[in-house]
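Contents: one structure, followed by commentary.
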Amino acid sequence: MNDIVKLGGILLLFSAIAGGALSVVNAITKPRIELQKKLVLERALTTALPMANKDAIVPVEQDNMLYYKGYKTPDKQDLVGYAFVASGKGYSSTIETMVGVDTTFTITGLSILQQVETPGLGTKIEEVRYGESTPWFQDQFVDKTWNGLAVDKDGGNITSITGATISSRAVTKSIHDGLKQLEATVRQHHSDM
Amino acid sequence: MEIKALLIIAVNAIFIYNFVLSRFLGICPYIGVSKNIDSAIGMGFAVVFVMTLASMATWLIDFYLLRPTESNIFYILFNFKEPPDLMYLKTIAFILVIASLVQFVEMVIQKMSPGLYKSLGIYLPLITTNCAILGVTLINLDANYSFIASIVHGFTAGLGFTLALVLMAGIRENLDMAPVPKPLKGAPIAFIMASLMSIAFLGFSGLKIG
Amino acid sequence: MEPKFYVSSSPHITDNESIPKIMYGVMLSLIPATAGAIYFFGIRAGWIILLSIVSAMATEGILQKLMKKSVTIKDGSAMVTGILLAFNLPAEVPWWIPVIGSVFAIGIGKIPFGGLGYNPMNPALLGRAFLLASWPTHLTIFKTIPRGGTISGIDVITNATPLNVFKIAKASILAEQVQDYDVAIRQLYDSYSNLFVGRVGGCLGETSALLLLIGALYLIYKRYISLKVPVSYILTVALLSWIFGGTEGFFSGDPLFHVLAGGLILGAFFMATDMVTSPVTAKGRIIFGIGCGVITVIIRLVGGYPEGVSYSILLMNLTVPLINRYTRPKVFGEVKRS
Amino acid sequence: MSISKELFKGFYKENPVFRLALGLCPTLAVSNSVQNAVGMGAAVTFVLICSNVIVSMIRHGVPKKIRIPIYIVVIATFVTIVDLVMAGFAPALHKSLGIFVPLIVVNCIILGRAEAFAGKNNVGRSFIDGLGMGIGFTLALMALAIVRELLGDGKLWGIPVLSSGYEPVLIFILPPGAFLTLGLFLGFFNWLDIKMQK
Amino acid sequence: MWFKSKSFKGGVHPPENKAFSDNKVIEKLPLPERVVIPLAQHIGAPAEPIVSVGDEVKTGQKIGQSKGFVSVPCHASISGIVKKIEPRPHPVGGDVLAIEIEGDGNDIMSQDFDFNPDYMVQSVDEMKENILEAGIAGMGGATFPTHVKLSPPPDKTIDTLILNGAECEPFLTSDARLMIEFPKEIIEGLRILMKILNCKRGYIAIEKNKPNAISLFHKLINDSKQSDINVVGLKVKYPQGAEKQLIKAIVNRNVPAGGLPMDVGCLVQNVGTAKAVYDAISKKLPLIERVVTVTGKGIKEPKNVLARIGTPFQQVIDFCGGLTDDAAKIINGGPMMGIAQFDLEVPVIKGTSGIVILNTKQAILPQPQPCISCARCVDSCPMGLMPNYLATLVENQKFEQAKEFNIKDCIECGSCSYVCPSKIRHVHLFKFGKMHVAKMMKPAA
Ligand SMILES: Cc1cc2nc3c(=O)[nH]c(=O)nc-3n(C[C@H](O)[C@H](O)[C@H](O)COP(=O)(O)O)c2cc1C
Ligand SMILES: Cc1cc2nc3c(=O)[nH]c(=O)nc-3n(C[C@H](O)[C@H](O)[C@H](O)COP(=O)(O)O)c2cc1C
Ligand SMILES: Cc1cc2nc3c(=O)[nH]c(=O)nc-3n(C[C@H](O)[C@H](O)[C@H](O)COP(=O)(O)O)c2cc1C
Ligand SMILES: Cc1cc2nc3c(=O)[nH]c(=O)nc-3n(C[C@H](O)[C@H](O)[C@H](O)CO)c2cc1C
Ligand code: SF4
Ligand code: SF4
Ligand code: SF4
Ligand code: SF4
Ligand code: FES
């Protein structure tokens, strides 16, 4: 019995030391990790809304839709566009895309937030070709509106990735649907005002 | 619908994201304990059992001890200003829980059912440091599964593991008697076989229920 | 004492079947379908088949030479693997596809396990599955229009194979191309004669049920295949696709369409029956066939691919040792063991 | 054993992956790109060295009966440190290694070395052992990753190196490719062994 | 089911090859100058010699005394002088103690062996004693002492006696000829056996490729109104004559694995055995000669001969015109279960139903190839075994598992090897495997 207490004590001691050490490391890294998380979102938003000031993008929730409003200057007076997250089911995951549009609902930029598609196939939605600096698949969307937005196989204007039509379609369709909804929501809101 | 969601978890865990063939978890026992069907079945059941229990236990630990929510016991007990975020202790907490769980299960089975102990007992110690067990608990956490979903996932992931293990054992019993080229005998041919098996399991990829 | 006569253990006679005889018999049975492939898809089909056979044999020969084992390419088994692999490829694949497929089929799927008789899975189908996972685009795009028909077998849709049309229509994405896909599906269901004769797109050897069945009859006549596997396989597919395959609830599917479309006939008679990789017991063969059928229908109806024949056979190959073990025939006069 | 021998044994003669067949799960899982392989290798090496050193330091003070749980606590601590630091400073790598970072805890190489080596040797040797084994593990991972990334993606370290006409053999970055590459590597080393013995 | 010929599950259809000799009337072989009589021509303990070198013996004189219950005596088959008592090559293998008699050419009988018309009034015990004294061992090939088979333990009753005239082995016609030429003797033999066992039902089982024999028996039995005896025509399929399969085919009973026919109330005896029993009971004639089919492509004039036990093969073959130039394999028995001989010195024994001589082309068996799991062997095994798997197990020395997969139930019929496209020598492996399994079991018992 005594033995168990003693052994338990030693184990507890070690665990306590470990816990202590970890809480110190945690305290040091925590801000950094949170910063990283923020940076990811921030980077996505600035890619989506290149013309907006990075400190002047604010989240809005309306009619069950979460989107962002982007302003040109930090005083948030001159609205330049909106951003939202489109999500659609791809081949093996749900693909989430941050999409930015200007006030005429023409796409200004986008970036993939989340996808676990097949490497080499579905992941080509993020492929940056050698010698280029931006992903070619996503670049196609810029300057387009939801109208007619579809992959070529469905008769649309987006060249799909060979062998990954499902992923291409998921991105395209989710943006198409999301954009349509955003426009409706925003216009409704405007007319309310 | 809840039932459908659970079914999807199950099908995913057994066939599409099979622990061994797609997620690469539990490779050591997959190669090590697959030389004979009977021990494969024994190991399989031991893993199913421990995975289910571990999923249950770690969910409770996570929900009541680690997560910064209102139901955090430290928060309730010690009247902290805000719920403490102890998520960084998850690895250490989970592994200790699993280790003690296996010990405990071993003791209980030994007392309650010597027959079961005889067939499962020898596999239990092997399981403590098996990454499939810790893996399933970490995946439960990542996927934010509910208590029930965690249990279902733990159970079915174990079944998926057992499936791959027992199929492998059947094949290796024959392979044992085949003129496999000498350099490939043993582990190499087992991995080549695993590769072919996982090619066949690609057939399940993209499966969508409902 | 120096024996004056040959001595050996009994029996002193054997029948005159042999491995080469069986393999060449299988090849003979594949001739109608080969001719059909060349007729429907053009001379290129012949080249693909030839290339595949040659690379399968070369792989086997070279590896056996390297390992200093006796070279067995003349027994015909590598040739059969080569033909069947080619039968599983579209006509317009680049030349290196059949070559790499054969190298994988024989070099990974067969020789490392000890060669003929020891491979746990169907080498030709492994070759196909390897190619499908490695270059999905080359294996899933069908452009060659079969002589006298269309790729889908019907006129309203021209660029997808029957099972693809079926799959896509179910996911309702073809809407922008076809006014009413119910009509398309109905037409598809009525295109039996095209499916039966082979005037549809698809892999080289799979399209003509008629020519395949002629070959299969020969194999059945020679008793090289047991009917248990193909019959239980096809009946299972028919039954399940009838129950679950329809768009208007249970029992509205079209079993005949599902039996004739895709690679089922080829798979059921020529690939699921590969003796090396199917069970040896009578009960086991039926279980094997049913298993293949169930998986095929699951993949066709809810899976990620239009067709599930090859994966279903590969998956069931994995279960063969277990099936054999648990379906041992009853020993004569066996008394229940206590 | 000389220090250099102690260091180099992990590279080939006692390579944890190819010779001892340890740590196979992470090997298979993260060898789909060289970047992942190096990141994982570094993480494991760090944990190996630290845990070896600590275990060696405390080896006389730990009661036999509970040494394994204590080793696990030590290892888990360093694993968590790696996990947190990686999340803070290399978030992309952290994401692509996924749960295999926390799973270093159960990597048998680490517990194996603690038990087989550090628990019986002094701090200096244990440090060298950890370093050697860690590098050996990293080398094995990289060997697999080079083959897989090159064949399966036509790239190395994310940079396309094969001509644009090359159509990658996708399967090599999918699970079957991992098993196949490892199987062939193991077979190759067995073959070498048989050759050398002759 | 009426439309199905009576048969069993499994089996094979080798070419019958009976045309060589099935029309040849049994010819008496000229008296041999010299006979070699092995003391073990039966299963069980060998007989002990009761004569010495130099002794004079007469035809029919007992020269070897049975030793123990499962054993039978043996008799001089010619008159003459005992030359040697030493181990000699035996057609079933190895060298076995044998008595060589140099004949005097006179064939002097040791006693009269007169026909006793009242033979049926003997008591059962007397009959059994006479059968033992006549040295009868089963003539269907297994040579199990007949008196032992006729003495079942008291707790077993035998209600069905089956005379085995199947002769399913290719080439052989000795039983067929015997049935055509001595049908009455065979029926009487059957009656004697039925009396000994007090059994109600007798069958004579004949494959349908011997229609003459079937109709002959039908006629005889109908004419004499012996309603307790049936003649049954069997489907032509090897191994129809194996006793468990025969019992299954005729009375649809399953002899339990590891059990004996008497466990299901049956007894099976060869038709030749019945004839020998008749001779022993009605004339007290010991078993000193038997019908031997000499056949195959390697013999010039195939024949059925009545040969004295102990006649060297060489002499039998000379009588049949000698070997052809390409004769290459000499088999004691049929080609499915018989045993290949090294030379022609070996003697005809009680179980020699035939001497089959194959030519070079037939004699060289192809090299075994790996099993391709074609399952032909599984489908053909009359015992419901998995020969392919068993062969692999034995090859890999996994005797424990071979035992678990019932290797002991194999009757070595050879069907599996016959149909195997990979030419695997199953029976050879199984003989070896069974030996090991038996060894394994010993310490436990
Ligand atoms: C192993 C494997 C993984 C695949 N992964 C994806 C994927 O991630 N995204 C995708 O769109 N298609 C994927 N596919 C391909 C689809 O099954 C399908 O063939 C393709 O989306 C059709 O596109 P296509 O019309 O361009 O041929 C995968 C196929 C295989 C064999
Ligand atoms: C025996 C055999 C098995 C096949 N198995 C598959 C399979 O598992 N998956 C697949 O996508 N295609 C498979 N194919 C190819 C398909 O049958 C077919 O060519 C393609 O999927 C398009 O099908 P469809 O012609 O019926 O539309 C197989 C072909 C054959 C001959
Ligand atoms: C494969 C096999 C085939 C047999 N075929 C015959 C046969 O055709 N005729 C026969 O009399 N005995 C045959 N026997 C022997 C019988 O099983 C049985 O031992 C015999 O009929 C008993 O009679 P006996 O003791 O009078 O010889 C065969 C045995 C085996 C194992
Ligand atoms: C009826 C029959 C079907 C066969 N089917 C296949 C097949 O589907 N794939 C294959 O590679 N070989 C097949 N073969 C050939 C042979 O069995 C094959 O090369 C072995 O699987 C290789 O060990 C078949 C042979 C026969 C007799
Ligand atoms: S401990 Fe883990 S990593 Fe090591 S061999 Fe076992 S399962 Fe693999
Ligand atoms: S098995 Fe042999 S002994 Fe029996 S009948 Fe057939 S040939 Fe004769
Ligand atoms: S020899 Fe044995 S295993 Fe072969 S068929 Fe006859 S009984 Fe079956
Ligand atoms: S008959 Fe020969 S090749 Fe066929 S399964 Fe039996 S042993 Fe194998
Ligand atoms: S089970 Fe061993 S590392 Fe995964």
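Keep in mind it's a predicted model, so treat the numbers as computed, not measured. Residue numbering restarts at 1 for every chain, and letters A, B, ... go by the order of the sequence lines.
- The closest side-chain heavy-atom distance from C/V309 to C/M271 is not below 4.5 Å.
- Both the backbone and the side chain of B/F201 come within contact range of chain C, with heavy atoms under 4.5 Å apart.
- The shortest side-chain heavy-atom distance between C/L131 and C/V93 does not fall under the 4.5 Å cut-off.
- The part of B/I37 that comes within reach of chain C is its side chain, from C-beta onward, which places non-hydrogen atoms under 4.5 angstrom from that chain.
- Ion pairing between a basic and an acidic side chain is recognised when a charged N comes within 4.0 Å of a carboxylate O; B/E173 and B/K35 show no such pairing.
- Annotation for B/F104: atom CZ does not count as buried by contact number, only 12 or fewer foreign heavy atoms lying within 6.0 Å.
- Remark: B/D142 does not engage B/K90 in a salt bridge, criterion side-chain N to carboxylate O under 4.0 Å.
- Counting heavy-atom pairs closer than 4.5 Å to chain B, the top residue among C/N324, C/L314, C/L318, C/L322 is C/L318.
- Among the residues in residues 151-170 of chain B, those with a non-hydrogen atom closer than 4.5 angstrom to a non-hydrogen atom of chain C are B/V166, B/L167, B/G170.
- Between the C/D75 side chain and the C/P20 main chain, no donor and acceptor come within less than 3.5 Å of each other.
- Proximity of a side-chain donor or acceptor of B/R67 to a complementary backbone N or O of B/D85 within less than 3.5 Å is not detected.
- For C/T296 and C/Y233, the side-chain atoms include at least one donor-acceptor pair closer than 3.5 Å.
- The backbone N or O of C/S52 sits less than 3.5 Å from a side-chain atom of C/S102, completing a donor-acceptor pair.
- With chain B as partner, the option from C/N317, C/L126, C/I295 having the largest number of non-hydrogen pairs under 4.5 angstrom is C/L126.
- With a threshold of 4.5 angstrom between heavy atoms, B/L184 approaches chain C through side-chain atoms but not through N, CA, C or O.
- In this structure, the portions of C/P112 lying under 4.5 Å from any heavy atom of chain B include both its backbone and its side chain.
- For chain C, the nearby parts of B/L196 are the backbone and the side chain; heavy atoms of each come within less than 4.5 Å.
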